[in-house]
Amino acid sequence: MDLCQIHADRCKGCELCVQFCPKHALEMSEERNAAGYHPAVLAHPELCNGCAMCAQMCPETGIEIYRRQKRARQDAVNQG
Amino acid sequence: MDLCQIHADRCKGCELCVQFCPKHALEMSEERNAAGYHPAVLAHPELCNGCAMCAQMCPETGIEIYRRQKRARQDAVNQG
Amino acid sequence: MTTAMNSQDGMNKQNGGAVASEDLVDLKCVFERPKSLSDKPFHYCPGCSHGTYHRLIAEMIDEFGFMDNTVGICPVGCAVFAYEYFETDMIEASHGRAPAVATGVKRALPDRFVFTYQGDGDLASIGMGEIIHAAARGERITVFFVNNGIFGMTGGQMAPTSLIGQRTTTSVQGRDPRTTGHPIKVCELLSSLEGVAYLARVALTSPKNINTCRKYMRKAIRAQTEDVGLGLVEVLSPCPVQWGMSPGDALHHIEEDVVKEFPPGEFVDKLAGPVKA
Amino acid sequence: MTTAMNSQDGMNKQNGGAVASEDLVDLKCVFERPKSLSDKPFHYCPGCSHGTYHRLIAEMIDEFGFMDNTVGICPVGCAVFAYEYFETDMIEASHGRAPAVATGVKRALPDRFVFTYQGDGDLASIGMGEIIHAAARGERITVFFVNNGIFGMTGGQMAPTSLIGQRTTTSVQGRDPRTTGHPIKVCELLSSLEGVAYLARVALTSPKNINTCRKYMRKAIRAQTEDVGLGLVEVLSPCPVQWGMSPGDALHHIEEDVVKEFPPGEFVDKLAGPVKA
Amino acid sequence: MPAKMQLTKGNEALAMGAIAGGCDCFFGYPITPQNEVPEVLSYELPKRGRVFVQAESEVASINMVYGAAAAGKRAMTSSSSPGVSLMMEGLSYIACAELPCLIVNVMRGGPGLGSITPSQGDYFQACKGGGHGDYHSIVLAPWNVQEMYEFPALAFELADRYRCPAMLLADGVLGAMMEPAEISDDAPPPNVPEKPWATNGRNGRAHKNVVNSLVIDPYGLRDHNLKLQAKYKAMECETRWDTRDVDDAEILVVAYGISARLALSGCKLARKQGIKAGLLRPITLFPFPSKQIAECATNKKRILVVELSAGQMVEDVRLAVNGKVPVDFYGEMGGVIPSPAEVCEKIVEAAR
Amino acid sequence: MPAKMQLTKGNEALAMGAIAGGCDCFFGYPITPQNEVPEVLSYELPKRGRVFVQAESEVASINMVYGAAAAGKRAMTSSSSPGVSLMMEGLSYIACAELPCLIVNVMRGGPGLGSITPSQGDYFQACKGGGHGDYHSIVLAPWNVQEMYEFPALAFELADRYRCPAMLLADGVLGAMMEPAEISDDAPPPNVPEKPWATNGRNGRAHKNVVNSLVIDPYGLRDHNLKLQAKYKAMECETRWDTRDVDDAEILVVAYGISARLALSGCKLARKQGIKAGLLRPITLFPFPSKQIAECATNKKRILVVELSAGQMVEDVRLAVNGKVPVDFYGEMGGVIPSPAEVCEKIVEAAR
Amino acid sequence: MLEETILAGFGGQGVLMMGKLLAQAAMEEGTSATWLPSYGPEMRGGTANCIVVLSDDEIGSPVSEKYDTVVAMNQPSLQKFESKVRPGGTLLINKSIVPIKTSRNDVNTYYVEANDIAESECGTNRSANVVMLGALQSVRQKLKPDSIEKAIAHAFESKGQNVIDANLKAFAAGMNAIDARETATP
Amino acid sequence: MLEETILAGFGGQGVLMMGKLLAQAAMEEGTSATWLPSYGPEMRGGTANCIVVLSDDEIGSPVSEKYDTVVAMNQPSLQKFESKVRPGGTLLINKSIVPIKTSRNDVNTYYVEANDIAESECGTNRSANVVMLGALQSVRQKLKPDSIEKAIAHAFESKGQNVIDANLKAFAAGMNAIDARETATP
Ligand SMILES: Cc1ncc(C[n+]2csc(CCOP(=O)(O)OP(=O)(O)O)c2C)c(N)n1
Ligand SMILES: Cc1ncc(C[n+]2csc(CCOP(=O)(O)OP(=O)(O)O)c2C)c(N)n1
Ligand code: SF4
Ligand code: SF4
Ligand code: SF4
Ligand code: SF4
Ligand code: SF4
Ligand code: SF4
Ligand SMILES: [Mg+2]
Ligand SMILES: [Mg+2]
């Protein structure tokens with residue numbers, strides 16, 4: 001699973017996530033979503049490091065971020 | 001004519017003129033004016049120097065002040 | 001003898017006329033009713049400074065030669081009848097809205113001298129929005145603001161400017177900051193607004209302060225006439241009746257206590273620097 | 001890699017759940033929709049920060065565990081539907097009066113967390129009297145203030161916070177200070193009021209600033225919960241549509257121009273000093 | 001301590017009546033002639049652990065009431081004519097959001113700043129719609145100090161029952177006068193209905209509550225309006241009125257509040273002159289006792305409406321009888337109170 | 001440039017009409033659905049050396065109008081329902097102080113925040129008294145874009161003539177719709193009467209002028225009110241109304257503004273079904289064409305009043321005919337616009 | 001019984017209190033009463049007056065066109081209200097400070113030296129109002145002296161027994177102040 | 001003549017402009033016209049529509065229950081408004097971006113590839129609205145083509161002759177777009 005999950009149907013195509021991704025992992029889609037916007041997509045999942053810059057900037061709260069962690073240390077992020 | 005002329009009918013007996021007269025020239029009258037107040041009076045005209053402290057403090061604009069001047073130099077106060 | 005009055009500081013030069021006298025000196029009237037003040041006796045309580053401030057305003061209108069050129073706006077408050085006391089054109093505004101009314105007048109007639117006269121309930125309670133916005137817009141109006149820390153007219157209720165601990169008819173136990181907050185200081189509050197050209201506070205408690213007040217008023221008027229912005233002079237004024245004090249004690253209370261919360265002085269003076277629009 | 005998010009600064013700790021994965025590591029959700037934010041998609045224009053600020057508020061409510069204890073007050077402005085977006089009890093106030101409504105709620109229910117959400121037209125134009133007096137009384141409420149320098153909802157008219165020269169539908173030639181005054185700076189204006197416990201301004205223009213915003217919001221909330229006074233966080237927010245800019249350009253405009261007129265930072269912080277009532 | 005006969009000022013009775021009626025929160029801004037109301041409450045409410053806030057304005061007052069009422073509390077404000085005018089937007093919001101609360105208007109002479117003397121010039125504002133849109137408040141008109149004391153509780157009760165604002169419409173005379181009235185300083189707390197709709201924090205509630213007056217969809221707003229109208233219709237059963245000597249009367253005098261007292265004395269004088277006059281006093285001005293007036297008027301020669309206004313309630317009386325009985329009007333304005341003799345004269349004229 | 005047919009939006013026509021009507025000063029606060037009014041004027045007035053101020057609120061707006069009107073200028077404001085509610089205190093002051101000015105209300109769905117869709121729910125507020133005390137404004141109700149353009153001038157003229165506020169009561173449809181209308185960009189300045197009472201600085205005048213709404217003596221205030229009432233009576237000669245096909249009609253439809261247009265179409269549809277329906281459209285809502293309606297109604301079977309409200313003007317129609325002709329009502333609320341077919345249906349029902 | 005009275009004087013002369021005592025006494029007796037003060041912008045200083053209506057029946061209007069009794073504690077009040085006395089009604093005048101006589105000769109007029117009596121009986125003219133109340137009682141007798149005494153005790157309860165006693169004394173003195181009817185001599 | 005039309009599409013497709021051109025053309029001819037936009041809180045983005053009424057007579061209502069013609073520039077508009085066409089009325093659908101057909105079979109339906117025609121004729125689909133207007137003209141003919149052309153020239157005056165020409169071309173192309181009547185195939 002990708003670290004960065006974009007809810008395409010919430011996206012309004014503002015491009016802020018794309019502009020703020022330090023890894024240039026995101027792009028705007030050619031497609032239109034139900035509301036008629038071109039949503040952002042994780043075009044280069046391999047570049048994404050889950051830094052959540054995109055999610056922070058998304059005005060629609062349309063991005064979820066996941067982080068990899070050892071199974072044994074499931075709670076580590078809480079101390080991070 | 002006195003230097004300090006109190007319009008007794010305007011006076012409301014607040015006593016501020018009396019309290020602020022540096023020469024203690026003023027007193028409150030025993031009489032009542034038409035509005036029922038004890039007005040201030042110039043009890044000691046001889047003490048009055050026309051400094052206008054009383055007039056400055058009178059909330060009713062009930063005091064007029066005159067100043068003596070040589071007849072020839074009528075405009076002197078304007079340079080005062 | 002202290003601080004003798006001199007004619008530049010509030011004497012009514014225009015009106016001084018020679019009075020015949022029997023000896024070699026004339027008696028010249030050096031202090032009398034300003035022309036812009038009507039003959040009507042004030043309805044204020046004994047020792048109330050509303051009358052004093054009225055006189056000072058009238059002196060200024062005379063001094064600037066504005067009697068024919070002025071539109072004054074009265075508040076709703078004890079000074080609600082102020083229109084009876086000035087010889088200039090006058091408008092009675094609704095409670096708190098004098099700055100908006102003045103805006104209407106001044107924009108309509110930019111070359112008239114427009115002033116408002118407002119109490120602390122009027123200006124600092126119900127009319128807060130209007131004074132702030134008139135100040136922010138830099139309306140060329142002059143505000144004469146009477147802060148007596150109380151709603152005089154309606155019978156002595158707490159004002160936003162009442163002191164902590166002050167007993168009023170709506171704070172019989174004394175003003176409690178926990179539920180009613182602290183006094184609003186209008187000069188301090190307005191001073192961040194760029195449209196304000198002149199802002200000062202003075203206690204109307206002595207001839208000296210009255211003279212200072214005149215100086216401030218001149219500047220507040222010039223802020224308008226020189227097209228700089230809004231000018232406001234706040235006077236700390238007694239309300240002997242609602243404070244339950246004699247007029248003399250009320251003045252002492254101001255000098256002892258009120259000035260601690262409301263420090264007198266000039267807060268903004270854009271006349272001093274280069275005049276800008 | 002810059003400024004990695006960490007859970008204390010806005011991650012949604014409570015909601016993080018493990019996600020099964022095929023290899024030796026789990027995928028843990030570290031950024032998702034706060035619980036206090038409803039599922040309803042925002043009606044805001046693309047790139048509008050109203051949505052961002054909503055999310056931050058919801059994060060805070062989650063973080064403080066206040067979802068069951070909150071009454072939020074919405075403005076009239078683009079955020080008029082905010083009651084649809086929060087999972088807390090919500091009241092729709094009339095235009096500008098949210099601080100008065102909040103006062104009513106908070107006095108009635110002193111142990112609830114009460115916040116208002118207000119735009120600059122709402123708070124700094126029509127509602128000026130209400131915010132000043134709520135602040136002066138030291139109402140224990142938290143104000144989330146969105147300053148986008150425009151009346152967004154009604155179609156882009158000038159706000160008291162519009163920049164000099166800014167073109168709006170009621171200042172098509174650009175805002176002229178001679179007739180409309182200078183922008184009102186709410187934080188500067190309120191900072192003289194003693195009832196204010198916390199006051200800060202931040203531009204919602206980058207992840208870093210968003211994090212700063214969270215810090216400010218926490219303090220503004222504590223100003224209420226610790227019974228110190230009113231807390232307010234002003235965010236400089238874009239209105240891409242009414243500014244006629246792309247969302248990205250709008251953020252740049254804030255960072256380049258808006259912050260010059262509205263410097264970010266903390267203005268009052270009575271939490272830092274000894275807590276006083 | 002049980003209720004006790006006390007010589008009491010109308011405004012003070014009103015304040016104590018608000019307390020007895022379970023007023024949790026008062027928000028108000030001073031204005032003559034009702035200043036005793038906030039003055040008494042500023043002392044009496046905090047003493048009982050309830051809320052008094054002197055608002056910065058009437059606009060703020062009504063919106064504070066909106067907030068406290070939304071929070072589920074019995075909230076009220078009190079003012080006089082110009083101050084009540086400033087509440088019109090807020091009142092329309094309250095009515096639309098269906099919040100129960102109490103607004104007191106101790107009317108004074110208008111229009112404008114007018115005077116502080118008694119008047120009934122705000123009937124239209126109270127009953128027809130001073131604010132925008134189709135809404136109503138329950139409007140109660142006391143006519144003596146006892147009712148000044150009792151009606152706040154009644155107003156709160158009706159407001160809660162119908163989820164609507166209630167207004168108490170008095171005037172400067174009723175506010176300032178003293179009469180013996182049975183008044184309690186520690187009335188038992190009234191029964192207040194559950195308010196499951198209140199925005200008081202979810203506290204375990206499965207859904208959030210929202211208090212709102214915005215219905216952006218026209219059909220939704222239409223339906224909401226229909227609901228409001230149905231409610232106003234349903235309120236008709238709350239109509240209250242009072243009569244004196246109407247059965248054999250040939251002239252029916254209709255008057256409310258202080259006017260009804262002038263009219264009562266006027267009727268008595270008229271009867272001394274052999275003219276059978278009776279009084280019908282609307283107690284609820286909304287809902288208006290239209291049916292009762294129409295019924296009562298069937299065998300009357302004429303109706304005389306007496307108001308301290310240029311003629312406002314008279315329109316509702318005319319609408320009630322719909323041309324079946326001629327309706328005359330006698331009014332004074334600006335704070336002038338007609339004497340019973342003057343009212344009697346008008347009755348005599350009507351009887352001619 | 002002479003007036004020219006132009007396809008124009010109602011709000012824009014209103015703005016240009018205000019300019020043609022000699023509006024010197026506009027003060028207003030944005031609100032939908034009338035935003036084009038301040039938007040156009042913010043550009044067009046300063047261009048002509050006149051005054052546009054975006055006020056901080058409606059309360060400020062109406063008080064700025066008060067000031068500029070007192071100064072002798074043609075001053076106006078424009079708003080929509082909730083904003084107009086906030087002006088009620090100021091309006092009462094203006095009426096009492098006898099200042100001529102223009103207040104525009106482009107009504108939207110209420111009560112409360114309601115909606116931004118068209119409505120006629122503020123008739124009571126405009127015509128009966130939204131503010132306190134016995135006062136009136138002249139109320140004009142345009143029904144097309146041409147009148148949106150022409151009525152501001154008429155309103156100013158009448159306001160000046162009677163020294164009273166004039167209100168232009170439109171609605172969201174009239175504000176938003178376009179129609180061809182004869183409009184001038186540079187109409188010649190209207191004749192404005194001398195205003196010797198204006199507080200514009202004495203400038204040699206022997207006496208000072210005072211603009212005031214305070215009359216503290218009850219008898220003085222009574223007399224002032226009597227003067228106002230006499231003025232309102234005198235205004236009756238300004239009553240304006242319009243009719244379509246009323247002579248042979250059996251059903252008289254009474255409606256104003258946008259409703260009158262729906263009603264006109266409804267009448268036409270009804271005539272197609274053989275039912276003789278005619279329209280009487282009050283143009284001045286105050287003074288209300290009571291006599292004209294009563295006269296017109298004499299040979300009618302029934303009256304149907306159509307409004308976008310729960311029924312407001314219908315009361316004035318009922319009062320006008322005083323029970324002589326039955327009066328039905330059809331209204332929609334909340335921004336719902338009934339179609340001509342629906343109006344026709346109601347006419348058919350009435351004819352049965 | 002329907003008794004309509006105006007009591008008027010300077011603010012500070014206690015005319016409002018006089019009226020309250022009457023109304024309170026009426027209440028003690030179970031008689032209906034209304035008390036209505038003049039309220040106006042002349043809040044401080046100036047004149048004050050109140051209207052008291054007593055009745056066995058429900059009281060309608062708290063005001064009237066003409067009054068059974070007018071009590072004038074000072075000259076402006078006399079001038080303002082003497083025309084309000086019903087023909088055959090009663091007019092009481094505080095002779096101590098009212099130097100003039102009434103011009104009415106169709107009413108029963110009594111001149112009472114209320115201030116002087118108060119001063120000699122209680123050592124202060126502040127009880128002149130209660131003296132006048134006594135005089136009123138002696139000529140109109142609509143209420144029992146008892147009830148008024150109770151009302152006095154009730155009104156001054158918080159001020160202590162001394163004050164109550166002084167006022168009771170003033171009341172008694174007032175009741176004895178009028179020997180013979182005097183009608184106005186213009 | 002009374003012709004009631006709804007024109008609907010996405011905000012940005014120029015449906016309000018279409019309506020204005022119709023109303024403007026009517027005015028040129030001295031025919032009465034009203035144009036009423038939907039206005040709502042969905043100010044930005046979303047759908048837009050307007051109602052145009054043309055008449056030889058004074059126009060009463062600017063809205064109706066059913067319409068002579070509905071022009072649907074996108075799918076949501078079709079779905080929202082197809083029921084509003086009067087039986088026997090006209091329905092125009094922008095086939096270029098509406099993938100579905102109408103379910104009405106009691107109206108005259110025309111599918112016009114407005115975007116495609118605009119793109120091929122003017123190089124941009126921004127003139128799709130004017131193409132559609134041409135198509136509307138060809139099937140309803142309530143106004144003279146001339147008048148509409150004048151209206152186009154008037155509307156785009158400030159944008160220069162090129163834009164006017166492009167739109168005139170689009171209009172002409174639209175007038176030729178419909179060969180045969182198609183009725184709906186459900
Ligand atoms: C809308 C409105 N609200 C309230 C009032 C009542 N009112 C009259 S004056 C006043 C306050 C006066 O206080 P301030 O402005 O401080 O003047 P002061 O009497 O102390 O000089 C109030 C509340 C009013 N007239 N109008
Ligand atoms: C009493 C009143 N006046 C005016 C309006 C119209 N109105 C709605 S929102 C708004 C301004 C919104 O601006 P802002 O508060 O800055 O919010 P934004 O839309 O920019 O987020 C105005 C003037 C209203 N609804 N009610
Ligand atoms: S999580 Fe970071 S790296 Fe991944 S897409 Fe978002 S911004 Fe880019
Ligand atoms: S920031 Fe959000 S709304 Fe904007 S383009 Fe990215 S996903 Fe879409
Ligand atoms: S003028 Fe000066 S000295 Fe004379 S009485 Fe006045 S204060 Fe005293
Ligand atoms: S200051 Fe004026 S009012 Fe006061 S006592 Fe002296 S003269 Fe009288
Ligand atoms: S009440 Fe106070 S402010 Fe008013 S006149 Fe009296 S002393 Fe002056
Ligand atoms: S108009 Fe501006 S503030 Fe409103 S939603 Fe759009 S971008 Fe945001
Ligand atoms: Mg004050
Ligand atoms: Mg904004």
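We name chains A, B, ... by the order of the sequence lines, and we start the count at 1 in each one.
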Participant: Which one wins on heavy-atom pair count under 4.5 Å against chain F: Val327(E), Asp122(E), Asn212(E), Asp217(E)?
Facilitator: Asp122(E)
Participant: Counting heavy-atom pairs under 4.5 Å with chain E, which one of Gly311(F), Gly131(F), Gly335(F) comes out on top?
Facilitator: Gly131(F)
Participant: Counting distance only, does the side-chain N/O of Asn225(F) pair as donor-acceptor with the main-chain N or O of Met333(E) below 3.5 Å?
Facilitator: no
Participant: Among Leu91(F), Val321(F), Leu86(F), which residue has the highest count of heavy-atom pairs closer than 4.5 Å to chain E?
Facilitator: Leu86(F)
Participant: Check whether Ser213(E) reaches the backbone of Leu113(F) with its side chain - one donor and one acceptor, N or O, closer than 3.5 Å.
Facilitator: yes
Participant: Among the options Ala310(F), Gly114(F), Pro118(F), Gly121(F), pick out the one with the most heavy-atom pairs lying under 4.5 Å from chain E.
Facilitator: Gly114(F)
Participant: Give the member of Lys324(F), Glu89(F), Gln120(F), Met88(F) that has the highest number of heavy-atom pairs under 4.5 Å with chain E.
Facilitator: Glu89(F)
Participant: Quickly, which of Ile337(F), Thr117(F), Ile116(F) forms a side-chain contact (heavy atoms from CB on, under 4.5 Å) with Pro218(E)? Name it, please.
Facilitator: Thr117(F)
Participant: Identify which one of Gln312(F), Gln125(F), Glu315(F) satisfies the side chain to side chain donor-acceptor pair (under 3.5 Å) criterion when paired with Lys128(E).
Facilitator: Glu315(F)
Participant: Check for a donor-acceptor pair, side chain of Asn322(F) on one end and backbone N or O of Gly323(E) on the other, with a separation under 3.5 Å.
Facilitator: yes
Participant: Report yes or no: does Asp134(E) contribute a side-chain atom to a donor-acceptor pair with the main-chain N or O of Ser309(F) at less than 3.5 Å?
Facilitator: no
Participant: Shorter than 4.5 Å, heavy atoms on both sides: which option in Ala97(F), Ser81(F), Ser85(F), Gly220(F) has the most such pairs with chain E?
Facilitator: Ser85(F)
Participant: Please say whether more than 12 non-hydrogen atoms of neighbouring residues, nucleotides or ligands are located less than 6.0 Å from NZ in Lys231(F).
Facilitator: yes
Participant: Nearest 0.5 Å, what's the CZ-SG distance between Phe124(E) and Cys127(F)?
Facilitator: 10.5 Å
Participant: Using non-hydrogen atoms and a 4.5 Å limit, figure out which bit of Ala95(E) sits close to chain F: side chain, backbone, both or neither.
Facilitator: neither
Participant: Which pair of non-hydrogen atoms, one from Ser92(E) and one from Gly112(F), has the smallest distance, and what is that distance?
Facilitator: OG-N, 2.8 Å
Participant: Using 0.5 Å steps for rounding, measure from the NE2 atom of His132(E) to the OG atom of Ser79(F).
Facilitator: 10.0 Å
Participant: Pick one of side chain, backbone, both or neither for Asn105(E), based on which atoms fall under 4.5 Å of a heavy atom in chain F.
Facilitator: neither
Participant: Side chain, backbone, both or neither: which part of Val336(E) has a non-hydrogen atom closer than 4.5 Å to chain F?
Facilitator: both
Participant: Name the option with the most non-hydrogen atom pairs under 4.5 Å to chain E; the candidates are Glu58(F), Gln229(F), Arg222(F).
Facilitator: Arg222(F)
Participant: Below 4.5 Å from any heavy atom of chain F, which atoms of Leu226(E) appear? Answer side chain, backbone, both or neither.
Facilitator: both
Participant: How close do Cys96(E) and Pro111(F) get, counting heavy atoms only, and between which atoms?
Facilitator: SG-O, 3.2 Å
Participant: Please classify the contact of Asp316(F) with chain E as side chain, backbone, both or neither, using a heavy-atom distance under 4.5 Å.
Facilitator: side chain
